[in-house]
Amino acid sequence: MSNTAWENLVKKQLKTDDIYSVLKKENLEGIEVKPLYDTVQKPLVNLPKIEESTHLVAKYHENLEEDVFAFILNHNVENLAQKAIFVNNINLAGHISPKEEDQYFSLIDVFDEKKTVINDQLVKELLAKQFKRNICVDVSLHQNAGAAIYQQLGIALAKTKELIEVYGSEILNKLIFRIAIGGNYFFEIAKLRAFKMVFNQLSKEYELDEIPYIFAETSLRNKAVADNENNLIRSTLELASAMIGGADAVFSNNYLVDRSTENSEEISFKQQIVLAYESIINVFEDASNGSYYVEDLTQQIAGKSWELFVEIEEKGGYLELLKQGIIQKKIYEHATKEQKWVEEGKIKLIGVNLYPKSEVKKRVEELYNEKEIKPVRWAEMFE
């Protein structure tokens with residue numbers, strides 16, 4: 001169907017000639033979304049990932065040892081040879097001595113956001129370990145605090161640049177990026193793809209050709225205490241975005257926001273199993289390559305992310321802007337706009353502000369602080 005034929009059909013269906021104003025989709029990212037895509041300006045090359053098959057990561061339970069290949073650990077567990085281990089505890093990281101056949105990764109953020117410094121001692125201790133990836137750059141905090149997608153990626157690049165300046169460009173292939181995946185399905189697919197582009201672009205500034213190792217986890221931001229089964233639907237879509245976007249590892253946070261049970265942990269993990277073994281989307285390098293819509297989103301997000309990164313660098317770098325409170329304010333401004341959309345029903349959460357509509361119990365100003373980067377769930381306004 002030609003573009004003109006499509007337009008005529010839509011005009012007839014909508015009973016208006018002004019179809020583009022009707023079909024226009026607003027978003028807070030500043031991304032242009034068209035109602036129809038029939039081409040892309042500059043097709044992207046295949047965007048690879050590091051792991052051949054996306055690791056499906058579970059919280060460690062003894063009864064999962066035989067069936068699960070990758071675990072996230074908060075405490076020491078003996079005899080986990082030939083498993084991928086994502087260490088999530090600073091004390092545990094100091095005691096682990098991997099063997100050659102083990103695959104260890106650190107998920108401990110080496111940036112102290114409150115003190116606005118890099119924990120140099122921690123970096124040196126982790127670099128001395130035989131981990132496959134030693135140094136974690138965590139931007140899951142920023143997503144859960146309400147940062148825009150392009151802000152999350154711009155900050156990830158700026159944090160990377162801070163590490164390069166102190167430890168040299170050889171640190172690039174020792175990094176693992178912890179990224180939270182939100183509920184905007186196609187935007188989140190494009191987010192991971194865009195990050196691969198801009199990270200590779202940054203590495204080329206140092207005459208390297210690196211791609212990032214991405215550990216993707218489900219967001220806390222759009223989860224609610226009420227009707228918590230809805231959280232399973234939200235996190236399943238987020239996991240799909242992560243796998244299609246090309247994450248190297250995925251982890252599903254507990255769908256029960258206010259408590260944790262062995263059953264809820266198992267169900268949360270098994271969402272990944274269903275996606276991987278029923279839909280088989282964890283084995284592709286770049287499953288969305290060739291989608292005009294996703295390609296366009298990817299390029300727009302990459303462009304905006306790189307612009308923010310350059311702006312941060314020109315003003316003194318991530319840590320300097322953190323000291324000045326500029327990073328916090330940028331995130332605060334976006335987060336509060338987003339929360340207003342939730343309050344107004346422009347962002348819909350089933351069982352929270354829709355079917356049924358709960359009563360607002362907290363004002364936006366009570367939830368956020370422009371001087372602090374802190375996680376806030378949308379639903380807290382109604383709880």
- [ ] Measure from the side-chain N and O atoms of Ser235 to the backbone N and O of Asn231, and report whether any donor-acceptor pair falls under 3.5 Å.
- [x] yes
TODO: Could you tell me whether Glu238 and Lys223 make a salt bridge, using a distance below 4.0 angstrom between a side-chain N and a carboxylate O?
DONE: yes
Open item on the list: Please determine whether a side-chain nitrogen of the Lys or Arg among Glu380 and Lys362 lies less than 4.0 Å from a carboxylate oxygen of the Asp or Glu.
Closed with: no
Task: Lys337/Glu333 salt bridge by N-O under 4.0 Å criterion - done: no
TODO: Going by the ring-ring contact (aromatic ring centres under 6.0 Å, His included) test, name the single residue among Phe131, Tyr213, Phe71, Phe177 that passes it with Phe105.
DONE: Tyr213
Open item on the list: Whether Arg193 and Asp286 form a salt bridge (side-chain N of Lys/Arg under 4.0 Å from carboxylate O of Asp/Glu) is what I want to check.
Closed with: yes
Task: SB check Glu365 Arg363 (cutoff 4.0 Å) - done: yes
Task: Criterion side chain to side chain donor-acceptor pair (under 3.5 Å) on Glu320 and Gln324, from CA distance to verdict - done: CA-CA 6 Å; Glu320 178 58 35; Gln324 295 177 27; 2.8 Å; yes
Open item on the list: Check this for me: does any side-chain nitrogen of one of Lys42 and Asp296 sit under 4.0 Å from a carboxylate oxygen of the other?
Closed with: no
Open item on the list: So that I can tick it off, tell me whether Lys191 and Glu188 are bridged by a salt bridge, with the cut-off set at under 4.0 angstrom between side-chain N and carboxylate O.
Closed with: yes
Open item on the list: Quick one: does any side-chain atom of Gln151 pair with a main-chain N or O of Ala148 as donor and acceptor, under 3.5 Å?
Closed with: yes
- [ ] Flag the pair Lys161 and Glu313 as a salt bridge only when some basic side-chain nitrogen lies within less than 4.0 angstrom of an acidic carboxylate oxygen.
- [x] yes
Open item on the list: Does any part of the side chain of Ile181, heavy atoms only, come nearer than 4.5 Å to the side chain of Ile179, both counted from C-beta?
Closed with: yes
- [ ] Answer yes when Glu210 and Lys204 have at least one side-chain N-carboxylate O distance shorter than 4.0 Å, and no when they do not.
- [x] no
Open item on the list: For Lys59, is there an ion pair with Glu265 - N to carboxylate O distance below 4.0 angstrom?
Closed with: yes
TODO: Could you tell me whether the side chain of Arg133 and the main chain of Leu175 form a donor-acceptor pair under 3.5 Å?
DONE: yes
